[in-house]
Amino acid sequence: MSEFRPVRGMRDLLPKEAQMLRSVEEKARTVAELYGYKEIVTPVVESYDLLSAKAGEEVKSRMFLFKDLGGRDVALRPEFTASVARLVATTLRNEPKPLRLFCVGSVYRYDEPQRGRYREFWQSNYELMGSNRPEADAEILVLTNCLLQQTGLTKYAFKVGHIGVLKGLLSQEKVDGKVQNAVMQLMDKKQYNDAIALLEESGTPQQCISIIRRLVELKGANTLEIVDSIENLVDGYEQSVEAARNLGEILALVSRSGCKIDITVEAGFARGLEYYTGMIFETYAPDLDIALGGGGRYNRLIQLFGGEPAPAVGVAHGIDRIMLGLQMQKTQEESNERKAVTVVPIKDELVSEAFRIAQSLRQAGISAELEVMGRKIVKALEVADKKNAAFVVIVGEKELKENSTIVRDLAKREQQIVSIEKIGEYLKNHS
Ligand code: AMP
């Protein structure tokens, strides 16, 4: 029989990686609390109708889709936003606005596996629903910066744009909605020439096309100046001018917050998903050249799910990619630190005493492993040392008579007789 392996695109996370994943997840939770986002847990399986309602063709074609035993068309969630929008449109519809909601967990997309691209990956997701004001957009940006900072990542940058600039131009020129979406998707993939060709084909006036050509070139880290240039460039296109001003307000707030964020404004930046209506952004690690997270404003989504119209802005962070960034930047403290305690009975007759002592240590909040392989003491010490244990509590007959054990410090290679009731205290003082 051939060896079993994980299904293509799926991975096992071994202890070190699992620990890193949970640690980033925990930091995401701390940031949620810090900014007032309440955690919700939504199902991994949702109806295909819900998940595909707002998804573009590309996301739809990459869903893990199946029929459940009741014959329903269901899929594994490819992201969290649809589930959150469903809740806000139904169960939470009467909650006072704004709603700040946080979720974290695995999502599934039938992407082509490669480094940083998996079919099962983890996201932390924050949604701020009910506000259309620039402070809400700015909050999502500084929150994302706060999370990346908290994880220990040192090198990351933001790319920010506003979908309203391009949409304003195309709508005023009455470019067909489908063509607009196709153009956005091409621009998202940086296929600018194809996007321009498509616009020419659809009869978009040359003056507008020439503005788009110049927008694509317009980018830089002097954010407020770039925004001014965008505003000048789109003069006469009312919605685009408004979009540029809105972006300016958001960026001014971010800058006023005192957060030192490395931001580049890209006037021609588009995100593939059709539901964005305002500010859009991505954050990436320059060394990795992949997005660590992305988001933006989507004001029509809740309505699409049958709720009262509610403006919203949100972000999803790719936890696996943050982990890759951390591994690359080697900022993660080496977990070589000796921590655990192993309890070893000198002979079989003392196992129950050792079992009891190990349990009392755990009750005192000390991580303790019992020697369960029946190893002799010399071998047990060797194994504990290899596994980086900090101490071995040796349960011997002679010491037990005095209600004591031998506690060996593996790093210092010293040992001392300690009374059983004081082991916890001794370990806490010596580690
Ligand atoms: P999106 O929902 O497409 O905006 O994705 C949000 C974030 O999830 C991205 O910025 C990535 O960090 C991460 N991500 C997206 N697709 C994958 C994937 N196939 N594997 C790992 N992470 C991903």
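Quick caveat, the model's predicted, so the values are computed rather than measured. Order of appearance sets the numbers: ligands from 1, and atoms from 1 within every ligand.
The G293 neighbourhood of ligand 1 comprises atoms 10 (O), 12 (O), with distances under 4.0 Å to a heavy atom of that residue. Close contacts of ligand 1 with D111, meaning ligand atoms under 4.0 Å from a residue heavy atom, involve 16 (N), 18 (C), 19 (N). In summary, the atoms of ligand 1 found under 4.0 Å from a heavy atom of G116, numbered by their order in the structure, are 20 (N), 21 (C), 22 (N). Set against the non-hydrogen atoms of A291, the atoms of ligand 1 under 4.0 Å away are 10 (O), 11 (C), 12 (O).
At least one heavy atom of Q123 sits closer than 4.0 Å to an atom of ligand 1. Remark: distances from the non-hydrogen atoms of D320 to ligand 1 are all 4.0 Å or more.
Considering each of R109, R62, E79, the one bringing a non-hydrogen atom nearest atom 3 (O) of ligand 1 is R109. Which of Y110, Y118, F121, Y284 comes nearest to atom 17 (C) of ligand 1 through a heavy atom is settled by distance: it is F121.
Applying the side chain to side chain donor-acceptor pair (under 3.5 Å) test to residues at least two apart or on different chains, the pairs with a partner in residues 62-72 are K67-D73, D68-R72.
Relative ring orientation between Y37 and Y126 is described as perpendicular, the plane-to-plane angle rising above 60° on a 0-90° scale split at 30° and 60°.
Contacts of F355 classified as side chain to side chain contact (heavy atoms under 4.5 Å, CB included), with partners at least two apart in sequence or in another chain: L370.
Residue L301 comes nearest to A85 through the heavy atom pair CD2-CB, 4.3 Å, listed as atom of the first residue, atom of the second, then distance.
With Y118 as the aromatic partner, R11 meets the cation-pi criteria of under 6.0 angstrom to the ring centre and within 45 degrees of the ring axis.
Rounding to the nearest 0.5 angstrom, the gap separating the CD atom in Q180 from the CD1 atom in I163 is 10.0 Å.
Under 4.0 angstrom from ligand 1, the non-hydrogen atoms of L292 all belong to its backbone.
Between the side chains of S106 and Y108, at least one donor N or O sits under 3.5 Å from an acceptor N or O.
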